[in-house]
Amino acid sequence: MSAGIRSALSIPVHAHCGADGVIIARTVAEAGLPLLRGHYPGFPVFPAVFLIECAHRAITAVAGPRRLAGVERSRFHSPVLPGDEVRFRIEQTDPAGAFRCVAETDRGTAAEIRLRYQTDREGDRR
């Protein structure tokens, strides 16, 4: 399955499931994105929260709709700069709904993120 999705932030994320079951996705931190204005003046960087958003959107595009329960872990190694292509490799680490995401640019690893999704059982408890 392959999907190109766009949020209200107009950041396209292209995602597909590889033969090994790993989700592969990519996006570009285009220089003209409004979210780069003021983050940071004179040295614009792609806000880390949008790396999490892009990973989440890739997961839901390929694995189907699900509700994000939390960010279990996030470690940001290097900035994503205007013009960078960000490549994501996303693996489901727990059948109950956990995913490990690695985001990379040409300079190396930009972020490692672990997302947990609400299970049907957790949704029933609401």
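Both backbone and side-chain heavy atoms feed into the values below; hydrogens, waters and symmetry mates do not.
Under the 4.5 Å side-chain heavy-atom criterion for Ile, Leu, Val, Met, Phe, Trp and Tyr, Phe76 and Ile90 are members of the same hydrophobic cluster.
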**Message:** What verdict does the salt bridge (Lys or Arg N to Asp or Glu O under 4.0 Å) test give for Asp94 and Arg114, after you've listed the backbone C-alpha separation in whole Å, the side-chain angles of each residue and the deciding distance to 0.1 Å?
**Reply:** CA-CA 11 Å; Asp94 176 356; Arg114 194 165 45 230; over 6 Å; no
**Message:** Checking Gln118 against Arg66 for the side-chain contact (heavy atoms from CB on, under 4.5 Å) test, could you report, in this order, the C-alpha distance in whole Å, the side-chain angles of both residues, the deciding distance, and whether it holds?
**Reply:** CA-CA 7 Å; Gln118 188 175 46; Arg66 52 198 65 226; over 6 Å; no
**Request:** Give the C-alpha distance, both sets of side-chain angles, the deciding distance and a yes or no for side-chain contact (heavy atoms from CB on, under 4.5 Å) between Arg100 and Ile113.
**Result:** CA-CA 6 Å; Arg100 179 180 182 270; Ile113 303 162; over 6 Å; no
**Asked** Run the side-chain contact (heavy atoms from CB on, under 4.5 Å) check on Asp84 and Val28 step by step: do they pass?
**Response** CA-CA 6 Å; Asp84 281 349; Val28 175; over 6 Å; no
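Within the 4.5 Å cutoff, side-chain heavy atoms of Val62 are placed close to those of Cys17. For the pair Val80/Val45, no side-chain contact is recorded, criterion being any heavy-atom separation below 4.5 Å from C-beta on. Counting heavy atoms from C-beta outward, Glu53 and Ile11 have side chains that stay 4.5 Å or more apart. Contact check for Arg87 versus Asp106: side-chain heavy atoms found under the 4.5 Å cut-off. By the 4.5 Å heavy-atom criterion applied to side chains, Arg26 and Glu85 are counted as neighbours. For the pair Thr109 and Val102, the minimum side-chain heavy-atom distance is below 4.5 Å. The closest side-chain heavy-atom distance from Leu81 to Phe46 is not below 4.5 Å.
Across Leu51 and Phe88, no two heavy atoms sit closer than the pair O-CE2, 3.7 Å. When every heavy atom of Ala58 is checked against every heavy atom of Ile23, the shortest pair comes out as O-CG2, 4.1 Å. For the pair Pro82 and Leu36, the tightest heavy-atom approach, listed with the atom from each and the gap, is CG-CD1, 4.0 Å.
Partners of Glu30 under the side chain to side chain donor-acceptor pair (under 3.5 Å) rule, at least two apart in sequence or in another chain, do not exist in this structure.
Residue pairs meeting the salt bridge (Lys or Arg N to Asp or Glu O under 4.0 Å) criterion with at least one member in residues 13-23, sequence neighbours excluded, are Asp20-Arg89.
Screening Val13, Val86, Ile59 for a side-chain contact (heavy atoms from CB on, under 4.5 Å) with Cys54, the sole residue that qualifies is Val13.
Note that CZ of Phe99 and CD of Glu91 are 11.0 Å apart. Values are rounded to the nearest 0.5 Å. Distance check: Cys101 SG to Arg73 CZ gives 11.5 Å after rounding to the nearest 0.5 Å.
For Phe50 and His56, the ring centers sit 6.0 Å or farther from each other.
Arg116 has a carboxylate O that lies under 4.0 Å from a charged side-chain N of Glu72, or vice versa, which qualifies the two as a salt bridge.
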